[in-house]
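Single-structure report; data block below.
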Amino acid sequence: VDPQRAGYGQFDTSLSKLIGGALTGVLPLRMSGIHICYPPYFAQLVLPIVKLFMPERMQKRIRFHSGSQEEVVGVLGTKFGLEPETLPTLVGGKLEVDHQGWLKQRQEEGK
C-alpha cells in the first residue's frame, strides 16, 4: 500500500484493532520502533487517538515521518540508524522489495 495514496475508505477499524492487539502483547515479538512514513492526512488525525489506547511504552515507539524524501531518509538515518540501503524505495531508500519473489523462494524452501 502506498501510504501517500491511501484514503479514508481504506481504513478498516477492525483491522486497526487487530493490529493494535498484535502490537500490545498478543504476538511474541519485541518491537523497538514502528516508523510510519508519509502518513495520509486522515491517519495523522486518527492514529494519535488510537495510540491513546496503547500502553505508554508502545506509544513512545510509534513515530510518524513526513516531508520530502530527503528529509525523511535523513531523519531515519541520523536519529534511528536506518541507512538508505536498508529502506525500501517506496520510502526513498535503495532497497528493492520483491514480495512475490520472496514468497516464492520461501515456498520452494518449504518454510
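All heavy atoms count here, side chains included; hydrogens, waters and symmetry mates do not.
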Legend entry - Cluster check Leu95, Leu76: I/L/V/M/F/W/Y, side chain < 4.5 angstrom: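 Different clusters.
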
May I ask you to test the [X]-[Y] pair for a side-chain heavy-atom distance under 4.5 Å?
X     : Y     : answer
Leu90 : Val97 : no
Val75 : His65 : yes
Ile36 : Arg63 : no
Arg57 : Arg61 : yes
Val91 : Tyr38 : yes

Could you give the distance from [atom1] ([X]) to [atom2] ([Y]), rounded to the nearest 0.5 Å?
X      : Y      : atom1 : atom2 : result
Ile34  : Gln59  : CD1   : CD    : 12.0 Å
Lys60  : Ser32  : NZ    : OG    : 15.0 Å
Met58  : Glu56  : CE    : CD    : 12.5 Å
Glu108 : Gln105 : CD    : CD    : 7.5 Å

Legend entry - Closest heavy-atom pair and its distance - Cys37, Val72: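 The pair with the smallest heavy-atom distance is SG-CG1, 4.0 Å.
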
Legend entry - Short side-chain to backbone donor-acceptor contact, Glu71 and Ser68, under 3.5 Å: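 Checking the backbone N and O of Ser68 against the side chain of Glu71, a donor-acceptor pair under 3.5 Å is found.
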
Legend entry - Check: His35 ring centre within less than 6.0 Å of Phe80 ring centre: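 So the answer is yes for these two rings.
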
Legend entry - Pairs where residues 76-91 contributes a residue and the test side-chain hydrogen bond (donor to acceptor under 3.5 Å, both in side chains) is met, not counting sequence neighbours: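 Every candidate side-chain hydrogen bond (donor to acceptor under 3.5 Å, both in side chains) pair involving residues 76-91 fails, so no pair, neighbours aside, qualifies.
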
